[in-house]
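Sequence positions, counted from 1, serve as the residue numbers for this chain.
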Amino acid sequence: MYFKLFYVVSALSLFSKCLCLDEKDEIQNHCDLLRQWLAPSLVRVELNKKGFHREVTTTVEFRSKELSSVKVLLIHRWPRDVYVDPYQLASLSDQNDWKILLDSAIDLEVPAHKASGFVTYVYPFSTGPTSKLFKVTIPIHGRYHKPSFDGKMFKSVDIEAPELLLRSEKCAQLSSLEPHTVVDAPCTPSNSSTCSWVKVKPQQDLNPVSFQLPVGDGSLVAHVCGGTVLVTMICCVALSKYMWKHQVI
């Protein structure tokens, strides 16, 4: 009887060890696959349209094969010279194959000198395996600037390339992926929790894309204000005379 009990306990212990080894092997396999995806990827950033209303298109092409367990995140750090319209993004959500999360509320009305920079987190998604190639187009809008008193007619705005991050829910041993940098970021667009992500190094050096916004001439402020007041007074006098002449109440 004691021999049978010892045999059962030994079998269960051996079975649990096998399960642990299989689980460790599976985790290691996913970490190895994630490491393949961390190979330098091709990233392109393009600026489209003109004037105050532009579109920033980011294209990412991975060198590795498709892998369904990998999650992708693009982090854009925007200057205070531009903003995104949350209502516009919400209206376009059905047309996009990605979701976006803002790190703060966006005031659409304040000028550039009263605004602050902000961060967006973009989560591409698909129903199948993670694609080797995906494209994200974000509409942005320029803010108005203070008038210039040094003769400059335009303000140059630089848009930095986004950070590309990856993670796999089945690879928790991110320390084994050194020398790649591990950072914390929201897990999903719902922003309910943060996860550890691994930063991917681009295949090439990415320079910021730039565009120019028109700036008012500060030397004309007094002339414009004076002219506006003068025209307003003339219109008021003319309107008052007309109302007095025709007894308009």
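- Between Thr181 and Val198, every side-chain heavy-atom pair lies at or beyond the 4.5 Å cut-off.
- A pairwise comparison of heavy atoms in Ser91 and Gln88 identifies OG-O, 2.6 Å as the closest pair.
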Where do Val200 and Leu165 land on the side chain to side chain contact (heavy atoms under 4.5 Å, CB included) test, with the steps shown first?
CA-CA 6 Å; Val200 180; Leu165 307 180; over 6 Å; no
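- Smallest separation of non-hydrogen atoms from Phe211 and Ile140: CE2-CD1, 4.4 Å.
- Residues Leu108 and Ile106 have side chains in contact (heavy-atom distance under 4.5 Å, counting atoms from C-beta outward).
- Between atom OG1 of residue Thr120 and atom CD1 of residue Ile138 there is a gap of 4.5 Å, rounded to the nearest 0.5 Å.
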Chi angles and distances behind the side chain to side chain contact (heavy atoms under 4.5 Å, CB included) call for Lys135, Thr57:
CA-CA 7 Å; Lys135 181 181 295 186; Thr57 300; 3.4 Å; yes
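- To the nearest 0.5 Å, the span separating CG on Leu213 from OG on Ser156 amounts to 9.0 Å.
- Ion pairing between Lys49 and Glu55 holds under the 4.0 Å rule for side-chain N and carboxylate O.
- No single ILVMFWY cluster, assembled from side-chain heavy atoms under 4.5 Å apart, contains both Val110 and Phe52.
- Relative ring orientation between Trp78 and His76 is described as parallel, the plane-to-plane angle staying below 30° on a 0-90° scale split at 30° and 60°.
- With hydrophobic clusters built from ILVMFWY side chains whose heavy atoms lie under 4.5 angstrom apart, Met233 does not share a cluster with Tyr242.
- Residues Tyr144 and Val215 do not share a hydrophobic cluster, clusters being chains of Ile/Leu/Val/Met/Phe/Trp/Tyr side chains in contact below 4.5 Å.
- Under the 3.5 Å distance criterion, the side-chain polar atoms of Asn96 are left unmatched by any main-chain donor or acceptor of Trp98.
- The two residues Val45 and Val209 have their closest heavy-atom pair at O-CG1, 3.6 Å.
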Side chain to side chain contact (heavy atoms under 4.5 Å, CB included) between Ile234 and Thr232: does it pass, once the steps are laid out?
CA-CA 6 Å; Ile234 292 174; Thr232 302; over 6 Å; no
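- Rounded to the nearest 0.5 angstrom, Ser196 OG and Asp184 CG are separated by 4.5 Å.
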Check against side chain to side chain contact (heavy atoms under 4.5 Å, CB included), Leu166 and Val72:
CA-CA 5 Å; Leu166 297 178; Val72 182; 3.7 Å; yes
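- For the residue pair Pro186 and Tyr123, the shortest heavy atom distance occurs at O-OH, 2.8 Å.
- For the atom pair CG (Asp94) and CG (Asp97), the distance works out to 12.5 Å, reported to the nearest 0.5 Å.
- Of all heavy-atom pairs between Pro79 and Phe118, the closest is O-CE2, 4.4 Å.
- A donor-acceptor distance shorter than 3.5 angstrom exists from the side chain of His145 to the backbone of Arg143, with no hydrogens or angles considered.
- A ring-centre distance under 6.0 Å is found for His141 and Tyr83.
- Side-chain contact between Ile159 and Pro208: absent, with no pair of heavy atoms (C-beta onward) separated by less than 4.5 Å.
- Phe134 and Leu206 fall within the same hydrophobic cluster, where Ile, Leu, Val, Met, Phe, Trp and Tyr residues are linked whenever their side-chain heavy atoms come under 4.5 Å apart, directly or through other members.
- Under the 4.5 Å side-chain heavy-atom criterion for Ile, Leu, Val, Met, Phe, Trp and Tyr, Leu92 and Ile100 are members of distinct hydrophobic clusters.
- Note that CH2 of Trp197 and CD of Glu163 are 12.5 Å apart. Values are rounded to the nearest 0.5 Å.
- Residue Leu89 holds its CG atom at 6.5 Å from CG of Leu102, rounded to the nearest 0.5 Å.
- Heavy atoms only, all atoms of each residue included: Arg80 and Ala115 are closest at CD-O, 3.6 Å.
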